[in-house]
Amino acid sequence: MTDTDSRWEAQLRLALASRGVGYKIADEVIEEVGQHCAASGESPEEAFGTPDAYAVAVVRDRIPDEVRAERRWDDMSFQDHVDGALILTGWYAMIAGLVLWLSAGFMMPLTSGGLVGAVLALLAGFTVSLGYSFSGTRLSSGLAWIGGGLGLAVAAALAFTLLPATELGRVPALLLSAVGVASLTWGFLREHDDQPDQSVGATGGRSGTEAEDRPPLGREEWLAELPRLLTELHGLPSARAKEITEDAARHVRESGAEPEEEFGPVRHYALRAADGEPAPRERWWLRSGVGSAALMLAISVGALALRLTVLTNSTWVLVGSSLALVLALVLLLVELAEHRAEQRPNA
C-alpha cells in the first residue's frame with residue numbers, strides 16, 4: 001500500500017467517524033476497500049472517489065433510514081459543540097498564562113479589575129468559540145453567540161481599564177494556564193450521554209419506535225418543519241431547502257392531499273430529499289488552517305491588549321504579537337486560496 005492509499009484510508013476513517021459511523025463498520029469498510037483494490041489494481045481514489053464522497057455513500061447504504069432520519073449530517077450534538085468551545089478556550093487561557101508568566105514574572109498582583117476582566121475574557125472566549133462551532137450548521141445562531149462573546153470582550157476590556165486597580169494579593173501567573181488545562185481536559189474527557197452508541201457502529205438519535213410514535217403533523221406544521229430539517233439536520237443551503245418545500249407545497253395544493261399522506265413522515269421525506277442533493281461541505285471558515293489562524297489572531301490581539309494594560313514595558317510581547325498577527329493573516333490567505341482552487345472545478 002502506498003502512502004497515498006494510506007492517507008486516503010485515514011481520511012475515510014475520519015470522514016466516517018465525523019458522520020457517526022462506529023469502529024466496527026469503519027473497519028469492515030476499510031477492509032473491503034483494501035480487498036477490492038488488491039484484486040483490481042486500482043487505487044482507492046480511482047475505485048471509490050474522494051474519502052468524503054465515499055463516506056456519504058457508506059452512511060446511506062449501511063445505516064438504516066430510521067436512524068439517519070433522526071441524525072444531524074455532521075453527527076454533532078449540542079454537547080459536542082460545548083466540548084469544542086471548552087477545548088478552544090483552554091488553549092486561549094494556557095497561552096495567555098504563559099505570556100503573563102514570561103512577561104510579568106512568576107507572581108503577579110491580583111486586582112479587582114484584573115479578576116473581573118479575566119473572568120469576562122474567559123467567558124468571551126468560550127462564547128465566541130461556541131458561536132464559531134455553531135456557525136458550521138446554524139449560521140444565524142452562531143453569529144448570535146459570537147456577537148454575545150464580542151460584547152463580553154468589550155466588558156472585559158472596560159473592567160481591565162476602569163475598575164479599581166487596588167491590589168488584592170499576589171497569584172501565580174500560571175494560574176490562568178492551569179484554568180486553561182482544566183477547561184481543555186474537561187472538554188476532552190467529559191462523558192457524552194447524548195452521543196450515538198459507537199459500539200454498534202450506527203445507532204444514534206431517537207429509536208425507530210419513538211420516531212413512529214409521533215402524532216401526524218398537519219399541513220402547515222409539516223411544511224414548516226421540512227425546511228428546518230433540511231437545513232439544520234441535513235445541512236442543505238437555505239435557498240435549496242426553500243425550493244424543495246415550495247415544490248412539496250405546490251404538489252399537495254394540486255392533489256388536495258395532506259403532506260403526511262402524500263409523502264409520509266416529514267423526517268423521512270426530508271431524508272429522501274437530502275439524499276438526492278450533493279453532500280454538505282464543511283464551511284470554509286471551519287477548516288483546520290482557518291481555525292489555527294483564528295487562534296493566532298486571538299493570541300495576537302490578547303497579547304496586544306495585555307501590553308496596553310499591565311505589560312506596558314514588554315517590547316518582546318509587541319514583537320511576538322505582531323509576528324503572530326502576520327502569520328495568522330498569511331495562513332488565512334493560504335486557506336482562502338486553497339478553498340477557491342477547490343471550488344473552481346465545480347463552477
Side-chain angles (χ1 to χ4, degrees), residues 1-65 67-68 70-77 79-81 83-84 87-88 133 136-137 187-189 192 195-205 233-236 271 274-293 295 331 334-346:
M1 179 181 293
T2 66
D3 291 341
T4 302
D5 293 347
S6 298
R7 282 196 299 272
W8 189 94
E9 290 189 358
Q11 291 169 358
L12 175 62
R13 190 176 290 277
L14 288 173
L16 290 171
S18 70
R19 290 165 173 81
V21 177
Y23 300 113
K24 183 178 179 181
I25 290 181
D27 287 341
E28 292 175 356
V29 170
I30 296 294
E31 184 178 354
E32 291 170 6
V33 168
Q35 291 174 351
H36 176 88
C37 292
S40 66
E42 297 176 297
S43 69
E45 185 92 25
E46 293 170 340
F48 301 100
T50 65
D52 281 337
Y54 188 55
V56 171
V58 169
V59 169
R60 290 175 178 174
D61 290 344
R62 305 201 183 200
I63 296 182
D65 287 351
V67 174
R68 293 201 297 125
E70 303 292 335
R71 174 182 286 174
R72 294 183 60 84
W73 71 269
D74 60 356
D75 206 48
M76 288 280 284
S77 67
Q79 186 169 335
D80 290 321
H81 290 290
D83 289 345
I87 292 169
L88 277 177
S133 181
T137 52
F188 271 121
L189 300 182
H192 285 208
Q195 280 288 86
D197 181 2
Q198 299 293 337
S199 63
V200 297
T203 61
L233 206 64
H234 299 293
L236 267 64
L271 175 65
D275 280 348
E277 301 294 319
R281 286 190 173 188
E282 184 181 47
R283 305 274 192 176
W284 68 266
W285 59 82
L286 293 179
R287 295 164 68 111
S288 59
V290 177
S292 299
L295 179 60
L331 187 55
V334 169
E335 287 291 335
L336 286 174
E338 290 183 359
H339 174 68
R340 288 183 178 180
E342 291 173 358
Q343 294 290 99
R344 202 166 292 131
N346 298 326

Subject >> Check: Arg62 and Glu28 side chains under 4.5 Å, non-hydrogen atoms >> reply: yes
Subject >> Closest non-hydrogen atom pair, Ile30 against Glu9 >> reply: CG2-OE1, 3.6 Å
Original post:
Which atoms form the tightest heavy-atom contact between Cys37 and Glu42, and what is the distance?
Top reply: CB-O, 3.2 Å
**OP:** Output, in order, the C-alpha distance, side-chain angles, deciding distance and verdict of side-chain contact (heavy atoms from CB on, under 4.5 Å) for Val33 and Trp8.
**Re:** CA-CA 11 Å; Val33 168; Trp8 189 94; 3.8 Å; yes
**OP:** Before giving the answer on side-chain contact (heavy atoms from CB on, under 4.5 Å), spell out for Arg13 and Asp27 the whole-Å C-alpha distance, their side-chain angles and the decisive distance to 0.1 Å.
**Re:** CA-CA 8 Å; Arg13 190 176 290 277; Asp27 287 341; 2.9 Å; yes
**OP:** Identify the two heavy atoms, one from Asp5 and one from Pro44, that lie closest to each other, and give their separation to 0.1 Å.
**Re:** OD1-CD, 3.0 Å
Original post:
When rounded to the nearest 0.5 angstrom, what is the spacing between OG1 in Thr50 and CG in Leu12?
Top reply: 9.5 Å
Original post:
Would you say the side chain of Ile25 lies within less than 4.5 Å of the side chain of Leu16, judging by non-hydrogen atoms?
Top reply: no
Original post:
Just how far is it from atom CD of Gln11 to atom OH of Tyr54, taken to the nearest 0.5 Å?
Top reply: 15.5 Å
